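Have a look at the structure below, then the notes.
For the single chain, residues carry numbers from 1 onward in sequence order. In this text the structure is predicted, and so the values were computed from the model without any measurement. Numbering of ligands and ligand atoms starts at 1, following listing order.
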Amino acid sequence: MSSYKSLQVLLTSTILHALSAAAASSTAPTAALQSCAAGLNGQLPVPTPPDFEFSGNVRRYYVAAEEVEWDYAPTGWDNWLGVPMNVSPRADMAGANQYGTKWLKALYRGYTDSSFSTYSEQPAWQGTQGPTIRSEVGDLIEIMFVNNLSQNYATMHSMGLEYGKVNGEGADYPNNTMPGANVVLPESGAVPPVPQSGVGPGGCVVYKWMVNSAAGPNVGEPGRVHSYHSYVALQQDSNAGLIGPQIVYAQGQMNSTMANYREFPLLYMIYDESDSWLSAQNKAALGGSSHSKRNAQGGQGNRQGQNQGNNNNGHPQNGYQRPNEGSSSSSSSSSSNSTPTGTYGSPSASTVSASSSPSGSGSSGSTTGSFNIGNTNNLWSGNYTVWHPQIVNLAGSSQFSGAPSFHTMNGYIFGNNPVYEMCLSDNVIWYVNAYGSASHVFHMHGNGFTYNGFKNYAISVNDGVGKTLYMNATGAGKWQVICHVNNHQTKGMVSDYQVYFAGQCPLPALGS
Ligand SMILES: *[C@@H]1O[C@H](CO)[C@@H](O)[C@H](O)[C@H]1NC(C)=O
Ligand SMILES: *[C@@H]1O[C@H](CO)[C@@H](O)[C@H](O)[C@H]1NC(C)=O
Ligand SMILES: *[C@@H]1O[C@H](CO)[C@@H](O)[C@H](O)[C@H]1NC(C)=O
Ligand SMILES: *[C@@H]1O[C@H](CO)[C@@H](O)[C@H](O)[C@H]1NC(C)=O
Ligand SMILES: *[C@@H]1O[C@H](CO)[C@@H](O)[C@H](O)[C@H]1NC(C)=O
């Protein structure tokens, strides 16, 4: 079918683009990065919303979307039952042992500056979550975002802050909200306009988010959680892993809060690996299928050759050959410098099931649905910038129907998180977010917490919702913090936190 052919061409050119971007970026900063960095100009979006009063502070962040081999259980143990994963009946029941716990994911990773050469520091327990975007009420946030994925589109969409259409929303849809929907629009009618639409592989954009007072914490509280995520194909982007935390502080209180509280961004997320847009690559690597068609596609051989000699750390049991793997248990920053390798195939058109749906309107929310990307003739070239990024992201999804869902907190299952640590009597803030397609219940043993000033022992968080929970660490010991939805907890949403006894705390004291 000619439509298959055209998709293949699209994907192949995407891959070649990524290859040249990767080759060019070996000496940083490239001209492309430099010109993108020029967007970090401190200028407020125009029009500036009337409820935003600029304090004069501009906060800059450098974030890339990267392909990372993530290990949901880096200790190799079910630390709830206290047994190795491969003999844990709970891990078996959760499907965590069938294909192993190492999966290719797309994660946000922070860098220190616009050269994108050094990772910013991030605690290992923050896991799959992207870098924490911190700000104070009145700030302008400027984020230089680089898409370093090999094939997929990605954006950063803020939950909770203000932005303009052009530089801030990180979402593509037609600008047909004026009277009479379905009006004929030119390509320039896509929102945001063409240059800012879904960021393709090798692409870069500067987002500007404004921290208005409505985004700030409750009176009497110093901080409040928000989040950000990719908004190309929301479900598939989230399952791939593109989610991160934001914290907004009251004006002038960021430093003092960071110094006087233990802060823990905590993400409840069930990653459905069957509906990540990396499912085709994961299936090829983990599913044992040979996918010979994949090798017929241009570019794959080059990707393999590019990384030879780099896989000394490989985990052959999974069929992965990736640099730096296995390091995610010790340090998040060293875990993520992954390079696409030949082990992964592209979601070639031959692996995509062509349904007969004429509208191409999606997989109806089903985790195993098929999407009609076979016939892009149904889609108009006039709004290519709107539909093309979604088509590309959907191409890799729903390709691995037997893949498990990992019930995680910060990307860890069955107590595999580096323990959340605090000293007795410390002030603690849990910045809790939930994503995915299920609601969750934060609950911890040993200590209570307050939400909006009221005492609680358990609290629900729905998809896309963030809640800021304050805790006084009065109960010493090693305790569980879990999802109290029964079938989530039993499938792995169990983490550990530690309140050290008086006189035994190895952490630097707060306030110092
Ligand atoms: C959306 O359409 C309206 C009406 O045509 C126009 O005024 C506005 O500038 C458009 N917005 C963008 C971001 O293109
Ligand atoms: C999409 O493109 C077609 C063809 O150019 C046009 O008729 C249609 O109005 C466009 N739709 C939107 C929402 O832009
Ligand atoms: C907050 O901390 C940062 C980093 O240590 C420092 O550069 C900045 O000057 C501090 N701000 C205030 C208001 O103390
Ligand atoms: C992107 O990935 C390539 C390797 O695939 C790497 O060389 C490059 O430094 C990365 N960073 C950026 C900003 O492109
Ligand atoms: C923590 O202790 C302080 C001082 O006793 C009290 O004001 C505050 O309400 C407590 N917070 C929580 C979350 O229990």
Q: Determine whether more than 12 heavy atoms belonging to other residues, nucleotides or ligands lie under 6.0 Å from atom OH of Tyr231.
A: no
Q | Check: Thr118 and Asp113 side chains under 4.5 Å, non-hydrogen atoms | A | no
What are the atom names and distances for all N or O pairs under 3.5 Å between ligand 3 and the protein?
{"unit_1": "ligand 3", "atom_1": "2 (O)", "unit_2": "Asn255", "atom_2": "OD1", "d": "3.1"}
{"unit_1": "ligand 3", "atom_1": "2 (O)", "unit_2": "Asn255", "atom_2": "ND2", "d": "2.3"}
{"unit_1": "ligand 3", "atom_1": "11 (N)", "unit_2": "Asn255", "atom_2": "ND2", "d": "2.8"}
{"unit_1": "ligand 3", "atom_1": "14 (O)", "unit_2": "Asn255", "atom_2": "ND2", "d": "3.3"}

Q. Side chains of Asn212 and Asp51: is there a donor and an acceptor less than 3.5 Å apart?
A. yes
Q: If the plane angle is over 60° it's perpendicular, under 30° parallel, otherwise tilted; pick one for Tyr470 and Tyr261.
A: perpendicular
Q.
Is it the case that the ring center of Tyr420 lies less than 6.0 angstrom away from the ring center of Trp430?
A. yes
Q) Taking only residues two or more places apart in sequence or in another chain, which ones pass salt bridge (charged side-chain N to carboxylate O under 4.0 Å, His left out) with Asp139? A) Arg59
